[in-house]
Amino acid sequence: MAPIGTLWGVLRQRQTKYILSAAAIAGLEVDLAPLEVGVTNKSPEFLDKFALGKIPAFEGNDGLTLVEGASIARYVASLAPESGLLGDSVKDAAQVDQWIHFVEHEISAHTDLIWQMLLGYLPEKTYSEQIHKSLLERQERSLKFLEQSINTREFLVTDKITLADIVLAAVIQRAARVTLGAAERALYPNIFAHYAKVAADPRVKDIFEAADFVEVPLALEKAD
Amino acid sequence: MPSVGKFYNLPYMRQSKTVLSVCALAGLELEIPEYKHFEDNKKPEFLAKFPIGKIPAFEGANGLNLSEGAAIARYLAGLAPNSGLLGTTPEEAALVDQWVHFAETEIAMQNDTIWAMVSNHIPYNKGFHTKVADHQMRSLTSLETYLSTRTFLVGERITLADITAASVLQRVVTVTADAAVRSKLVNTIRFLETIVHQPKLEAIFGPVEYVEKALQWVPPKKEKEPAPPAAPKEKKEKEKPKKVADDDDEDDNLVPEEPKAKNPLDLLPKSPFNLEDWKRAYSNKDTRGTDGSLEWFYANFDKEGFSVWRVDFKYNEELTLVFMSSNQIGGFFNRLEASRKYLFGSVGVLGENNASIISGALILRGQDAKPVVDCAPDFESYEYKKLDVFENQEDKTFFEGALAWDLEVSGKKWADGKNFK
């Protein structure tokens with residue numbers, strides 16, 4: 001089958017994982033463009049199409065240009081309704097949306113901010129232990145809730161993998177590389193069982209790559 | 001038209017405005033139950049339906065229970081494909097998604113973080129504030145450029161993307177996008193004004209409050225440092241504690257601090273008339289007759305500390321179906337939530353479908369209605385007339401009819417009503 005479009009993205013990004021996993025399960029092909037981060041996406045040709053210069057970025061064969069990882073992934077999924085990625089009904093689709101939104105806003109957002117603080121993407125002296133702690137607490141509350149919700153279900157919305165499961169797995173993998181060390185992960189056996197199931201799916205195994213989890217949560221002295 | 005479901009929300013939240021706007025444009029009827037934040041969302045019945053425990057929350061008439069404002073908005077928009085709210089092709093739908101996601105994660109999130117910091121709900125850090133504000137500014141600049149050649153974000157008509165962006169921007173201009181910043185966002189502001197003034201959306205969005213100077217952090221007084229120039233405190237003090245829940249979170253850490261300036265209504269001389277006792281009497285007794293609540297009222301009311309008012313909707317010619325007008329009253333009452341301690345209301349729809357009026361009575365603290373009702377953005381859509389229920393027979397009759405739900409005005413009989421208590 002011909003590729004449906006071109007994706008500029010780095011495999012290590014959770015958002016790129018969403019998109020490529022969605023494509024894989026949808027049976028669609030997406031071309032990964034050659035990408036030198038910081039160079040390609042700052043070039044005039046790229047900025048012409050994607051004004052903010054951020055990745056992942058998608059250009060469909062019909063000229064559609066899209067940014068925002070979750071939106072690209074949902075679009076890809078919508079092209080293959082029989083894949084079940086958005087559930088099997090309008091209600092399912094709404095619940096898939098709900099979980100993606102929750103996971104991105106209530107888990108991933110905190111991981112990302114902590115990462116930025118630690119890896120020095122902030123102006124000097126912006127590391128704040130209090131903010132770090134506050135973000136960890138918020139993330140913990142969301143994870144505790146999620147741990148209970150996954151309990152009785154195989155997958156989040158239906159009996160098959162949906163985009164919600166993919167997004168959660170990608171977000172959790174990221175969290176386990178930044179904020180969740182071995183001790184923390186042990187608090188969430190259901191979440192990590194879910195992660196393991198998704199990451200082991202033969203269709204997406206290579207996209208999720210090796211787990212690369214941290215032993216202890218990243219802290220300031222370990223950065224740089 | 002039957003309601004598509006119940007929508008639990010706090011009306012000033014941007015997500016609520018988005019959902020209500022979708023319903024207005026999609027022609028969907030939504031039921032808005034009474035809701036007390038931090039109370040109702042902790043109850044087992046609520047958590048059984050919405051385990052996330054957050055608002056907004058939607059309980060569909062078809063059994064679907066949904067959390068997350070954006071997911072609710074998209075689902076409802078999808079129920080009315082002719083509305084064009086999600087575009088008309090999969091590609092347009094993807095673009096609508098993209099802009100919603102962008103507005104939420106690249107503008108709103110930053111706004112909420114900054115607001116939380118300057119309000120001391122998360123620890124303040126100047127470098128972090130700067131970084132987050134810069135991030136937001138880059139996003140706003142990109143949006144500005146995009147809007148310099150467009151009226152709407154996707155296609156040539158209003159979509160969910162525009163509604164979401166407008167609800168986000170309405171918040172941004174009260175926190176970070178001050179006069180100086182706005183001078184660089186001319187198209188964005190024009191866009192915001194266009195969307196919030198769409199006829200069906202105007203009452204939902206309410207007025208846009210433009211901040212003069214971006215909110216700054218004021219160190220808590222107990223540190224005994226001279227406070228830097230404070231955030232514009234002339235913003236409605238009563239509204240401040242409520243904005244806490246804006247990030248769609250029932251987080252106990254965000255329990256609102258009382259505004260430093262006391263509500264002037266709390267500074268009035270103590271009154272022997274207890275509004276809570278009145279509300280109990282009204283609820284537990286018959287209104288009219290011996291030992292009724294009206295009898296109780298006349299025996300206990302304090303004319304110095306409280307006043308009685310007639311309230312009339314100004315645009316009765318716009319009213320259509322009785323139950324929708326009843327919902328409008330409910331919505332107005334929701335928006336008066338901040339004044340719960342100072343207000344009682346009994347307001348109804350009188351007449352029939354397409355020939356009705358909204359009219360009723362308020363009992364409120366003090367001698368002036370405005371300080372009590374102006375927490376509702378749409379308070380100016382109603383007229384307020386002080387009543388003398390002791391000396392004026394007409395006023396007394398009106399008042400009693402409003403409370404007994406048998407009021408008749410110009411031949412129009414009471415059809416349905418709501419109480420604020």
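Residue numbering restarts at 1 for every chain, and letters A, B, ... go by the order of the sequence lines.
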Are A:Leu66 and B:Glu91 close enough, and set up right, to give a side chain to side chain contact (heavy atoms under 4.5 Å, CB included), and what steps lead you there? CA-CA 9 Å; A:Leu66 275 185; B:Glu91 288 66 35; over 6 Å; no
Side chain to side chain contact (heavy atoms under 4.5 Å, CB included) for B:Leu95 and A:Tyr75? Distances and angles first, verdict last. CA-CA 9 Å; B:Leu95 289 167; A:Tyr75 173 65; over 6 Å; no
What do the steps show when you test B:Leu64 against A:Gln95 for side chain to side chain contact (heavy atoms under 4.5 Å, CB included), and what is the final call? CA-CA 9 Å; B:Leu64 173 68; A:Gln95 286 176 323; 3.9 Å; yes
Between A:Glu68 and B:Asp97, is the side chain to side chain contact (heavy atoms under 4.5 Å, CB included) condition met? List the steps. CA-CA 9 Å; A:Glu68 303 301 304; B:Asp97 273 0; over 6 Å; no
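Of the inter-residue distances, the one linking A:Ser134 atom OG with B:Asn125 atom CG reads 12.0 Å to the nearest 0.5 angstrom. Once rounded to the nearest 0.5 Å, the distance linking OG of A:Ser149 with CD1 of B:Ile52 reads 7.0 Å. Note that OG1 of B:Thr105 is 6.5 Å distant from NE2 of A:His105, once rounded to the nearest 0.5 Å. Interatomic distance, OG1 of B:Thr141 versus CG of A:Leu52, reported as 9.0 Å (0.5 Å rounding). Within the model, atoms NZ of B:Lys54 and CZ of A:Phe145 stand 9.0 Å from one another, a figure rounded to the nearest 0.5 Å. Note that NE2 of B:His135 is 7.5 Å distant from CD of A:Gln116, once rounded to the nearest 0.5 Å.
You'll find the side chain of A:Asp97 stays beyond 4.5 Å of the side chain of B:Tyr75, heavy atoms only. Contact annotation: the side chain of A:Ile131 never approaches that of B:Tyr124 to less than 4.5 Å [non-hydrogen atoms, C-beta and beyond]. At least one side-chain heavy atom of B:Ile122 sits less than 4.5 Å from a side-chain heavy atom of A:Arg138. By the 4.5 Å heavy-atom criterion applied to side chains, A:Leu113 and B:Phe128 are counted as neighbours. Considering only heavy atoms from C-beta on, A:Arg74 comes within 4.5 Å of B:Arg74 through its side chain.
When each of A:Ala70, A:Ala94, A:Gly60, A:Ala109 is checked for heavy-atom pairs under 4.5 Å with chain B, A:Ala94 comes out on top. The greatest number of non-hydrogen atom pairs below 4.5 Å with chain B, out of A:Thr65, A:Asp62, A:Val67, A:Val90, is found for A:Val67. Taking chain B as the reference chain and counting heavy-atom pairs below 4.5 Å, the highest number among A:Ser78, A:Ser142, A:Ser71 is found for A:Ser71.
No donor-acceptor distance shorter than 3.5 angstrom exists from the side chain of B:Lys131 to the backbone of A:Met117, with no hydrogens or angles considered. A distance-only check finds no donor-acceptor pair linking the side chain of B:Ser142 to the backbone of A:Ala51 [under 3.5 Å]. Listed for the A:Gln130 side chain is no donor-acceptor partner under 3.5 Å among the backbone atoms of B:Pro123. For A:Gln98 (side chain) and B:Ser67 (main-chain N/O), a donor-acceptor pair under 3.5 Å exists by modelled atom type.
Residues of residues 153-163 of chain B never come closer than 4.5 Å to chain A when only heavy atoms are counted. Contact annotation for residues 10-29 of chain A against chain B (heavy-atom separation below 4.5 Å): no residues qualify.
For chain B, the nearby part of A:Lys54 is the side chain; its heavy atoms alone come within less than 4.5 Å. Within the 4.5 angstrom heavy-atom criterion, only backbone atoms of B:Asn65 (N, CA, C, O) approach chain A.
Donor-acceptor pairing under 3.5 Å is recorded for the side chains of B:Glu104 and A:His101.
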